Asker: 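Below: one structure in structure tokens.
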Amino acid sequence: YISVTGVQTCALPISNSAVTFPAKDGARPVRCAIGVAALQEHFGLTGVDEMSALRAFDRCRSVIEAGASRKYDRWKLAASGEVSLRARDF
């Protein structure tokens, strides 16, 4: 189980953009990211600008965080220290 500690954005080209958010596995940091496609398909993102992506993330934050924790636990991602969420994860 990971606990999420905040939210920040990742500066990537808009076609590859994501909202990133830090989490922890005990004291170990875990970088989490949810891609724009997942936000569009499952969480109501209609624009592709940073503010729209953050609003979609904030509206559905608990579901997204739970998805990150599930994926982390299911796939034993502790070695990589990163969880990348895609549309198929929801």
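Everything numeric here is computed off the predicted structure, so don't read it as measured data.
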Asker: Please work out which of the three classes, parallel, tilted or perpendicular, describes the rings of F21 and F57, given edges at 30° and 60°.
Answerer: tilted
Asker: Check A18 against G35 and note the closest heavy-atom contact, atom names and distance.
Answerer: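 Heavy atoms of A18 and G35 come nearest at CB-CA, 4.1 Å.
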Asker: As an exercise, state the distance from CE of M51 to CG of L54, rounded to the nearest 0.5 Å.
Answerer: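 Going from the CE atom of M51 to the CG atom of L54 covers 5.5 Å.
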Asker: Between D25 (side chain) and R28 (backbone), is there a donor-acceptor pair under 3.5 Å?
Answerer: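 Not confirmed, D25 side chain does not pair with R28 backbone.
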Asker: Specify the closest pair of heavy atoms between R31 and T20, including all atoms of both residues, with the distance to one decimal.
Answerer: NH2-CG2, 3.2 Å
Asker: What distance do E65 atom CD and C60 atom SG have between them, rounded to the nearest 0.5 Å?
Answerer: 11.5 Å
Asker: Of all the heavy-atom pairs spanning L39 and I34, show the shortest one and how long it is.
Answerer: CD2-CD1, 4.0 Å
Asker: Compare every heavy atom of A53 with every heavy atom of L45, then report the nearest pair and how far apart it is.
Answerer: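 Of all heavy-atom pairs spanning L45 and A53, the closest is CD1-N, 3.6 Å.
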Asker: So how far is it from F90 CZ to K71 NZ, rounded to the nearest 0.5 Å?
Answerer: 8.5 Å
Asker: For R86 and A38, which heavy atoms make the closest approach, and how far apart are they?
Answerer: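 Smallest heavy-atom distance, with atoms named: C-CB, 3.6 Å.
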Asker: Going from CG on D89 to NE2 on H42, what distance comes out if it is rounded to the nearest 0.5 angstrom?
Answerer: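 So the CG of D89 and the NE2 of H42 are separated by 8.5 Å.
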Asker: State, to 0.1 Å, how close S17 and V36 come at their nearest heavy-atom pair, and which atoms those are.
Answerer: OG-CG2, 2.8 Å
